[in-house]
> 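I'd like to ask some things about the structure below.
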Amino acid sequence: MPLGTSIPSSAAPVSATTVASRYSALVRVTHWITTLCFLALLVSGIEILISHPRFYWGETGNVLTEPLFKLPIPSSRNLVPTGYGYVLPDQNGWSRYLHFQAAWMAVLTGLLYTISILFTGHLRKNLLPSQDHLSWRVLSTTIANHLRFKPPSEAEAWSYNVLQRLTYLLVIFVMFPLVIWTGLAMSPAFVSAVPASVTVLGGQQSARTIHFFVSVFLVLFLLVHVVMVCVAGFKSRMRAMITGRADTPMERT
């Protein structure tokens, strides 16, 4: 999800009477558009997955092909062998349409966000970790605090820690581009125009399998993100992402 501009950890303590703007309007808008797109992609993606819960590697794969692995769920098509004696309602029509529309909306929103963090300096100031951040002591302490669900300190409340920075960079510059690429590689129209997009991945079925695993990673990221927001203070964080206004130290006491 798009991430807001925060005050660096090296900044001076915030005055108790200061009303700080933590997230810009652009960040808030792109954050919530991406959230809605992600939920639409998740729901529609599950419906598409149910129509054929088997995964293959290579260019082709069908019910007569030995799968790489299969999910232990019933299908919405009676020709797909799942071991269940029934099929689920077929929602493949509207789900594919919604998936396509939500994906392009997410792509355009992501491009807008990426351009903004490059030109505003947010990437350099708040997302790229410094040399101090990458020390083993800082990394191990941050990971331990997350595993214990320890609320952020006063300084961390105004800045991203090293684990957040590395995770956000991975999501923004690796996982999102990869899920877009593998999604396009399953489109016959796109592949006919850019054949190398699927050849590099090993085939359309390989692209579908990679797309599935990247999607699972993004869902796990979302779940952890929500949990950590709750640990850090759900009310204050939600208010900051909706209004842009962050709680000052006085208000958090």
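All values derive from a computational prediction rather than experimental measurement. The figures here come from the full heavy-atom set of this structure, side chains too, leaving out hydrogens, waters and symmetry mates.
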> Please find the pair of heavy atoms, one from Ser44 and one from Ala40, that lie closest to each other, and give the distance.
OG-O, 2.7 Å
> Tell me, please, whether Phe55 has Arg208 positioned over its six-membered ring: NZ or CZ under 6.0 Å from the ring centre and within 45 degrees of its axis?
yes
> Please round to the nearest 0.5 Å and tell me the distance separating atom CG of Leu218 and atom CG of Leu223.
11.0 Å
> Going by heavy atoms in the side chains, are Leu201 and Trp181 under 4.5 Å from each other?
yes
> Show the nearest heavy-atom pair for residues Leu169 and Leu123, with the distance to one decimal.
CD2-CD1, 3.8 Å
> A quick test of your reading: do over 12 heavy atoms of other residues, nucleotides or ligands sit less than 6.0 Å from OH of Tyr97?
no
> How close do Ser51 and Ser76 get, heavy atom to heavy atom, and via which atoms?
CA-OG, 3.1 Å
> Passes side chain to side chain contact (heavy atoms under 4.5 Å, CB included), Phe212 versus Val216? Steps please.
CA-CA 6 Å; Phe212 170 76; Val216 169; 3.9 Å; yes
> Can you list the other members of the hydrophobic cluster that holds Leu64, where links are side-chain heavy atoms under 4.5 angstrom apart?
Val63, Val80
> Taking it one step at a time, do Leu118 and Thr114 satisfy side chain to side chain contact (heavy atoms under 4.5 Å, CB included)?
CA-CA 6 Å; Leu118 291 175; Thr114 302; 4.3 Å; yes
> In Å and rounded to the nearest 0.5 Å, what is the CG to CG distance from Leu127 to Leu166?
10.5 Å
> So Glu47 and Leu98, side chain to side chain contact (heavy atoms under 4.5 Å, CB included) or not? Walk me through it.
CA-CA 11 Å; Glu47 289 292 349; Leu98 177 61; over 6 Å; no
> State, to 0.1 Å, how close Leu79 and Pro81 come at their nearest heavy-atom pair, and which atoms those are.
O-CD, 3.4 Å
> Could you check whether any side-chain heavy atom of Phe217 comes within less than 4.5 Å of a side-chain heavy atom of Val171, counting everything from C-beta outward?
yes
> I'd like to check the side chain to side chain contact (heavy atoms under 4.5 Å, CB included) partners of Thr199; sequence neighbours left out, ordered by chain and number.
none
> Just how far is it from atom OG of Ser215 to atom CD1 of Ile46, taken to the nearest 0.5 Å?
10.0 Å
> With a cutoff of under 4.5 Å between side-chain heavy atoms, which Ile, Leu, Val, Met, Phe, Trp and Tyr residues group with Val198?
Val191
> Other residues, nucleotides and ligands only: do more than 12 of their heavy atoms fall within 6.0 Å of CE on Met105?
no
> Describe, in one word, how the ring planes of Phe221 and Tyr168 are oriented to each other, choosing from parallel (under 30°), tilted (30 to 60°) and perpendicular (over 60°).
perpendicular
> For Phe234, does the CZ atom sit with more than 12 other heavy atoms under 6.0 Å from it, leaving out its own atoms?
no
> Tell me whether the count of non-hydrogen atoms from other residues, nucleotides or ligands lying under 6.0 Å of CH2 in Trp136 goes above 12.
no
> Could you pull out the closest heavy-atom pair between Phe173 and Ile117, with the gap in Å?
CZ-CD1, 4.2 Å
> Mind telling me whether Trp104 and Phe100 have parallel, tilted or perpendicular rings, with 30° and 60° as the class edges?
perpendicular
> At their closest point, which heavy atom of Phe69 faces which heavy atom of Thr209, and how far apart are they?
CE2-CG2, 4.0 Å
